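This report refers to the structure that appears directly beneath it.
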Amino acid sequence: MLQTILIKSCTIVDPNSAFNQKELDVLITDGKIAEIAQNIIADALQIDGKGKFLAPGFFDMNTSIGEPGLETKEDFETGSKAAAAGGFTGLAVMPHNAPTTDSKSQVAYIINRAKGNLVDIFPYGTISQKREGKDLSEMFDMKQTGAIAFSDGDKPVQDAGLMERALLYAKGFDALILSYPEDQSIAGKAKMNEGVMSTLLGMKGIPNLAEELMVIRDLYLAEYTGSKVHFSTISTAHAVELIAAAKAKGTQVTCDVAAHHLVLTEDVLADFDSHYKVKPPLRTQNDVNALVKGLKDGVIDAVVSQHTPQEIEFKEVEFEIASYGIIGLQTVLPLLFKAGLNVDQIVNKLAIAPRQILGLTIPQIKEGNQANVVLFNDAEWLYSTDSNYSKSANSPFLNEKLNGKVWLTCNNNQIYHSN
C-alpha cells in the first residue's frame, strides 16, 4: 500500500485542473490527493518537485505484451513496471498474443490476469477472427466484456469489404476501429523504407504509397459509413496531409504516431543494425519534420510507444530475418523532448488525448480524487540494463544518456519512485 507522500513545489500541468500551471505542494494519502496548497506540512515521504511537472498519468494506446502465450517477451508484471518507469498509468494492449484476443473469454482473461498492478491494462479485441482478415470477430461480445477498441494489431486489414463491415458493425454500439495502414500487395516482403538508403544498401523498400493508399481507402470507408476510425502509427508526410484534409471535411478520424518516428530516420540503418528495424519503417527527414509539425498543429492526436518486446534470438541476427520492433515504454518521454515538444504538448499527447479517443475517464489533479499522476522533467538519466524494467532489451537507446526523466508515477494506491 502507498505511504503518505508530499510533493513539494511542483508545477501542475493539467488543463482540466483549477491548479493548472501553478507551483504548489501536493499531499497524497491512501492513494488519494488529500490537499493541494502552498507550504503543506505533513508527516510524509517528501519528494522535491521544484523544477518538475506533475501531470495526469500517461496512457499508451499501442503496447504489445506477450501474455498470454508469449511471456518470454513480456508479461503483465514486467510490462507494468516498464510502463510505470516511463510515466504511464494506463496501457491499451494489442491483441497479437497467443491465442489472439478474439473472444470474450480472452478479453475476460486479460482483464482478470492484469489486475492489481500500478498500471491499468485494457485489452483491444481483434477485428477479424484470429487476425486472419476473413471473418469479423464477435466485437460486440468483446466490448460488453471490456475490450476498449478493435484492431488486428500489426496485421493490416487487406479486404476493403471486411473493413467496411467492421466499421458499420462497430458504429452500431459506438466502438472504435483502429486501422494499421499498409497495403501488403505494395509493401511486399521489403524490410525498410524505399528511398536513397534502400538503394544504397541494395535492399527492397516499402514505399510511402503502401501506407497512404490504405489511409485513403479507410478515410473513404469511414466517410461512406459515417463511422469513426483511428490510424495507428502513421509515418509519412502525405498521410498527415490526407488526415488533415479529412478532418477539415468533418470525417471522424484520429491518429497517432510512434515516438521513435519523431526522431529517427532511415539513415540509422546504414550499418544494418536490427534494433532499428521497425514497422512501419523509419522514413526520411522530410517525413519526420511533417510528423512533428502534425503533432504540434493537432492533426496527429496522440503519441504511442509501439512497445514491441522481442527475445534476443529474434534481434541478434541478420537484418533481413530479424523481427520488427523496439521496446519503447521508458523512452517515449525523452524522445518527445528531443523532438521539440513542450510540456503542455507532451501532457496532451500522452495523457489527455489517448483517453479521449478511447472514451476513458481522464484523471484530474483535484483534491479528493484518486492520485493518478506522473512527476517528470527534462533531466538527464542513463537508460541501461540496470534501469530497463522490460523483460526484453531490444532498444537502440540502451546505454545512452537521455533527457526526460520520470521521478514518480502513482496510481491504484501504488507508487514508482526514482532517485
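In this chain, numbering begins with 1 at the start of the sequence shown. No experiment lies behind these values; they were computed from the predicted model shown. The analysis underlying the following values was restricted to heavy atoms, covering all of them including side chains, and did not include hydrogens, waters or symmetry mates.
A donor-acceptor contact shorter than 3.5 Å links the side chain of Ser128 to the backbone of Gly133. For His417 (side chain) and Cys410 (main-chain N/O), no donor-acceptor pair under 3.5 Å exists by modelled atom type. In this structure, Ser392 contributes its side chain and Asn394 its backbone to no donor-acceptor pair below 3.5 Å. Judged by distance alone, with hydrogens and angles left aside, the side-chain atoms of Gln414 form a donor-acceptor pair with the main-chain N or O of Gly116 at under 3.5 Å. Put simply, the side chain of Asp152 never gets that close to the backbone of Lys155: no donor and acceptor are under 3.5 Å apart. Side-chain atoms of Lys277 come within 3.5 Å of backbone atoms of Ala322 as a donor-acceptor pair (strictly under, hydrogens ignored). Between the side chain of Glu266 and the backbone N or O of Arg283, no donor-acceptor pair lies under 3.5 Å. Using a distance-only test at 3.5 Å, with no hydrogens or angles considered, a donor-acceptor pair links the side chain of Lys247 to the main chain of Val299. Not a single donor-acceptor pair under 3.5 Å links the side chain of Thr251 to the backbone N or O of Val253. Looking at Thr236, its side chain does come within 3.5 Å of a backbone N or O of Ala239 through a donor-acceptor pair.
The two residues Gln364 and Asn16 make their nearest non-hydrogen contact at NE2-O, 2.6 Å. Of all non-hydrogen atoms in Ala237 and Asp287, the two that sit nearest each other are N-OD1, 2.8 Å. In this structure, Pro309 and Ser64 approach most closely via the heavy-atom pair CD-O, 3.2 Å. Considering every non-hydrogen atom in both Ala393 and Ile327, the closest pair reads CA-CD1, 4.0 Å. Between Asp256 and Thr233, the shortest heavy-atom contact is OD1-N, 2.7 Å. The heavy-atom pair separating Leu375 from Lys52 by the smallest distance is CD1-CB, 3.7 Å.
Atom OG1 of Thr63 is separated from atom OH of Tyr124 by 8.5 Å, given to the nearest 0.5 angstrom. Atoms NE2 and CG, from His261 and Leu291 in turn, are 8.0 Å apart once rounded to the nearest 0.5 Å. Here the straight-line distance linking atom CG of Asp218 with atom NE2 of His230 works out to 12.5 Å at 0.5 Å rounding. To the nearest 0.5 Å, atoms OG (Ser103) and CE (Met142) are separated by 7.0 Å. In this structure, Phe122 CZ and Ile111 CD1 are separated by 9.0 Å, a value rounded to the nearest 0.5 Å. Interatomic distance, OG of Ser235 versus CD of Glu211, reported as 3.5 Å (0.5 Å rounding).
Residue Asp297 places its CG atom among more than 12 non-hydrogen atoms of other residues, nucleotides or ligands, all under 6.0 Å distant. The number of heavy atoms from other shown groups lying within 6.0 Å of CD (Glu380) is above 12. Lys391 NZ: more than 12 foreign heavy atoms inside a 6.0 Å radius. At most 12 heavy atoms of other shown residues, nucleotides or ligands fall within 6.0 angstrom of atom NZ in Lys130.
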Go through it in stages, so that I can follow the logic: the residues are Ile234 and Val240, the test is side chain to side chain contact (heavy atoms under 4.5 Å, CB included), and I'd like the CA-CA distance, side-chain angles, deciding distance and then a yes or no. CA-CA 8 Å; Ile234 63 167; Val240 178; 4.0 Å; yes
Side chain to side chain contact (heavy atoms under 4.5 Å, CB included) between Leu358 and Met61, worked out: CA-CA 9 Å; Leu358 293 169; Met61 293 183 67; 4.0 Å; yes
Step-by-step side chain to side chain contact (heavy atoms under 4.5 Å, CB included) determination, Leu176 to Ile357: CA-CA 9 Å; Leu176 179 65; Ile357 292 166; 3.7 Å; yes
Tell me, with the steps shown, if Lys293 and Lys296 meet side chain to side chain contact (heavy atoms under 4.5 Å, CB included). CA-CA 5 Å; Lys293 185 176 185 298; Lys296 293 179 177 180; 5.8 Å; no
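Under the 6.0 Å cut-off for aromatic ring centres, Phe150 and Phe140 do not qualify, their centroids lying 6.0 Å or more apart.
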Please report, to 0.1 Å, the donor-acceptor pairs under 3.5 Å made by any side chain of residues 83-91, with sequence neighbours excluded.
from: Thr89; atom 1: OG1; to: Arg355; atom 2: NH2; distance (Å): 3.1
from: Thr89; atom 1: OG1; to: Asn372; atom 2: OD1; distance (Å): 2.6

Would you be so kind as to tabulate the donor-acceptor pairs closer than 3.5 Å made by side chains of residues 162-173, with sequence neighbours excluded?
from: Arg165; atom 1: NH1; to: Gly161; atom 2: O; distance (Å): 3.3
from: Lys171; atom 1: NZ; to: Thr225; atom 2: O; distance (Å): 3.0

Review item, side-chain donor-acceptor pairs of residues 346-353, under 3.5 Å, at least two apart:
from: Lys349; atom 1: NZ; to: Leu295; atom 2: O; distance (Å): 3.1
from: Lys349; atom 1: NZ; to: Ile300; atom 2: O; distance (Å): 2.9

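Two residues are said to be in side-chain contact when any heavy atoms from C-beta on lie closer than 4.5 Å; Pro280 and Gln306 meet this criterion. The closest side-chain heavy-atom distance from Ser390 to Thr78 is not below 4.5 Å. The shortest distance between side-chain heavy atoms of Asn208 and Asn193 falls below 4.5 Å. Residues Ile186 and Leu213 have side chains in contact (heavy-atom distance under 4.5 Å, counting atoms from C-beta outward). Counting heavy atoms from C-beta on, the side chains of Leu408 and Ile47 come closer than 4.5 Å. Contact of the Phe376 side chain with the Leu333 side chain is registered, since non-hydrogen atoms from C-beta on lie closer than 4.5 Å. Within the 4.5 Å cutoff, the side chain of Ile415 has heavy atoms near those of the Ile5 side chain. With a 4.5 Å cut-off on side-chain heavy atoms, Met192 and Met197 count as touching.
The side-chain contact (heavy atoms from CB on, under 4.5 Å) search around Ser151 returns Met94, Leu178, not counting sequence neighbours. Taking Lys81 as the reference, Glu77, Tyr389 meet the side-chain contact (heavy atoms from CB on, under 4.5 Å) condition, with sequence neighbours excluded.
No side-chain donor from either of Asp102 and Gln106 sits under 3.5 Å from a side-chain acceptor of the other. When only modelled atom types and interatomic distance are considered, Asn117 and Asn412 share no side-chain donor-acceptor pair under 3.5 Å. A donor-acceptor contact closer than 3.5 angstrom links the side chains of Asn97 and Thr101.
A salt bridge is defined here as a Lys NZ or Arg NE, NH1 or NH2 lying under 4.0 Å from an Asp or Glu carboxylate O, and Asp48 with Lys8 fails to meet this definition. The pair Arg131-Asp154 counts as a salt bridge, with a side-chain nitrogen and a carboxylate oxygen less than 4.0 angstrom apart. Here Asp378 does not pair with Lys405 in a salt bridge; the nearest charged N to carboxylate O distance is not below 4.0 Å. Taking 4.0 Å as the cut-off between side-chain N and carboxylate O, Lys249 and Glu223 count as a salt-bridged pair. For the pair Lys366 and Asp14, the salt-bridge criterion is not met [side-chain N within less than 4.0 Å of a carboxylate O]. Glu311 and Lys73 are joined by a salt bridge, as a carboxylate oxygen and a charged side-chain nitrogen come within less than 4.0 angstrom of each other. Lys32 and Glu367 are not joined by a salt bridge, as no carboxylate oxygen comes within less than 4.0 angstrom of a charged side-chain nitrogen.
A ring-ring contact (aromatic ring centres under 6.0 Å, His included) check over residues 333-375, counting only residues at least two apart or in different chains, returns nothing.
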